[in-house]
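I have placed the structure first, in the form of structure tokens, so that the comments after it can refer back to it.
Just so you know, ligand 1 is whichever comes first in the structure, and atom 1 is the first atom listed for that ligand. Count residues from 1 along the sequence.
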Amino acid sequence: MAKRLENKVAVVTGASRGIGRASALALADEGAHVVVAARTADDLDSLAREIETRGVKALPVAGDLSQAADVNRLAEAAEGTFGRVDILVNNAGVGKFGTLAELSVEEYDWMMNANMRATFLCTKAFLPGMLEREEGWVVFVGSVAGLNGLPNETVYCASKHAQYGFARALDHETRPHNVKVTYLAPGGVDTYFAFGTGRTEGDPKLKEYLDSEDVAQALIFAVTQPPKSRVFLIGMRPMREPL
Ligand code: NAP
């Protein structure tokens, strides 16, 4: 039986670990070729080898996606290798928790750049081809912090709300051209996220969180909708987390 994303080409940002890694593997399982991007080249190389065991192609591209030059290099590599990109997963992101008094200007720039600036740069790089071909998917791995104000998360919430506003506005531009936008809003996910910046590796509480694969399956749901349907917002919470 044909796989649902056979011959599609996906770019996943922040794919070196966590939700991005699980998303890249889930897309490969559905038959997509996958371009994987993040800063840690070794992790991308081993992921690319694992993706290729699924019988699809993989392209690892290392770079800091908050930097325009690195995003341009990613776009050139992806389009040079595969000729087009159908699915963009804006997943790369960082977070630090703490009161406003505990957050520095440098930490503000770090979160806004990795979460929003990288989203802006990558979407700007890959959207034109989708609009031209009248087909595409732009998925944002946002957060419940993009929909609600949460304690000790002022700047992280601001960065994720920024992505949400960007996604909502973008949907108006892309829908007439058959390009579907989805904002995923998970609660806690058991990844490396915020280790040393608000979470502690090995904390037993993490085991109650969603797994990266749970979020990856929500992404697959979004990009395998029938032609007339688009799923704009997916809110997900671990069973132990209140709304
Ligand atoms: P993670 O395991 O720490 O992964 C974050 C990924 O982003 C890594 O691959 C990291 O790779 C990459 N990254 C960070 N800054 C980057 C930059 N400037 N350029 C390129 N890549 C960069 O955390 P995760 O939980 O999977 O996070 C993925 C997304 O999910 C984030 O947007 C996060 O906000 C969101 N999210 C997480 C949770 C949670 O509880 N974990 C909940 C809701 C939403 P390198 O370090 O190799 O660059």
For Lys96, is there an ion pair with Glu106 - N to carboxylate O distance below 4.0 angstrom?
no

Evaluating non-hydrogen atoms only, which member of Leu184, Val141, Asn91 is closest to atom 31 (C) of ligand 1?
Asn91

Heavy-atom closest pair (Ala62 atom, Ala41 atom, distance to 0.1 Å) is CB-CB, 3.9 Å

Heavy-atom distance to atom 5 (C) of ligand 1: which of Gly18, Gly188, Pro186, Gly93 wins?
Gly93

Nearest protein heavy atom with distance in Å, relative to atom 1 (P) of ligand 1:
Arg17 NE, 3.5 Å

Under 6.0 Å between ring centres: does that hold for Phe193 and Tyr156?
yes

May I ask you to list the atoms of ligand 1 that are less than 4.0 angstrom from any heavy atom of Gly142?
35 (C), 36 (N), 43 (C), 44 (C)

Indicate yes or no: does an N/O atom of Val189 lie under 3.5 Å from an N/O atom of ligand 1?
yes

Nearest candidate to atom 22 (C) of ligand 1, where distance is taken over non-hydrogen atoms, out of Ser16, Ala62, Ser66, Ala92:
Ala92

Please list, in number order, the atoms of ligand 1 under 4.0 Å from a heavy atom of Asp64.
17 (C), 18 (N), 19 (N)

Donor-acceptor pair, distance only, cut-off 3.5 Å: does the side chain of His161 make one with the backbone of Ala145?
yes

Answer with yes or no whether the side chains of Asn115 and Ser159 bring together a donor and an acceptor at under 3.5 Å.
yes

Looking only at heavy atoms of Ala118, does any of them come nearer than 4.0 Å to an atom of ligand 1?
no

Is there a chain of hydrophobic side chains (I, L, V, M, F, W, Y, each step under 4.5 Å between heavy atoms) that links Leu88 to Val223?
no

Polar contacts were defined as any N/O atom of the residue lying under 3.5 Å from an N/O atom of the ligand; does this apply to Leu65 and ligand 1?
yes

Below 4.0 Å from ligand 1: does a non-hydrogen atom of Gln67 turn up there or not?
no

Is ligand 1 less than 4.0 angstrom away from at least one heavy atom of Gly187?
yes

Around atom 21 (N) of ligand 1, find the nearest protein heavy atom and jot down its residue, atom name and distance.
Ala38 CA, 3.6 Å

Val94, portion touching ligand 1 at heavy-atom distance under 4.0 Å
side chain

Please answer whether the main-chain N or O of Val85 pairs with a side-chain N or O of Arg133 as donor and acceptor at a distance below 3.5 Å.
yes

Give me the nearest non-hydrogen protein atom to atom 24 (P) of ligand 1 as residue plus atom name, then the distance to 0.1 Å.
Thr191 OG1, 3.5 Å

So, are Asp43 and Arg21 salt-bridged, with charged N and O less than 4.0 Å apart?
no

So does Phe195 have more than 12 non-hydrogen atoms from other groups sitting under 6.0 Å from CZ?
yes

Could you establish whether Ala22 and ligand 1 come within less than 4.0 Å of each other, counting only heavy atoms on the residue side?
no

Among non-hydrogen protein atoms, atom 37 (C) of ligand 1 lies closest to Ile19 CD1, 4.0 Å

Please report the shortest heavy-atom distance between Ala194 and Phe97, naming the atom on each side.
CB-CE1, 3.9 Å

Side chain or backbone, does Ser143 bring an N or O within less than 3.5 Å of an N or O on ligand 1?
no

Would Lys160 count as a contact residue for ligand 1, given that I'm defining contact as a non-hydrogen atom of the residue lying under 4.0 Å from a ligand atom?
yes

On a heavy-atom basis, which atom in Gly187 and which in Glu241 lie closest, and how many Å separate them?
CA-OE2, 3.4 Å

Closest non-hydrogen atom pair, Pro128 against Lys124:
CD-O, 3.2 Å

May I ask you to identify, for Arg199, whether its side chain, its backbone, both or neither come under 4.0 Å of ligand 1 on a heavy-atom basis?
side chain

Min N/O separation Ala114 to ligand 1 under 3.5 Å
no

Checking a contact table here: which protein heavy atom is nearest atom 12 (C) of ligand 1, and how many Å away?
Gly14 CA, 3.5 Å

Ala15 neighbourhood, listing ligand 1 atoms whose heavy-atom distance to it stays under 4.0 Å:
9 (O)

Could you tell me if any non-hydrogen atom of Gly63 lies under 4.0 Å from any atom of ligand 1?
yes

Could you tell me which atoms of ligand 1, counted from 1 in the order shown, lie closer than 4.0 angstrom to a heavy atom of Thr40?
45 (P), 46 (O), 47 (O)

For atom CZ of Arg240, is the number of surrounding heavy atoms from other residues, nucleotides or ligands below 6.0 Å larger than 12?
no

With the threshold set at under 4.0 angstrom, would you say Tyr209 reaches ligand 1 through any of its heavy atoms?
no

Any carboxylate oxygen within less than 4.0 angstrom of a Lys/Arg side-chain nitrogen, looking at Asp70 and Arg73?
yes

Provide the number and element of each atom of ligand 1 under 4.0 Å from a heavy atom of Tyr156.
33 (C), 34 (O), 35 (C), 36 (N), 44 (C)

Check this for me: does any side-chain nitrogen of one of Asp64 and Arg39 sit under 4.0 Å from a carboxylate oxygen of the other?
no

Which residue owns the protein heavy atom closest to atom 14 (C) of ligand 1, what's the atom, and how far is it?
Arg39 NH2, 3.5 Å

So, does Thr13 use its side chain to make a donor-acceptor pair with the main chain of Asn91 at under 3.5 Å?
yes

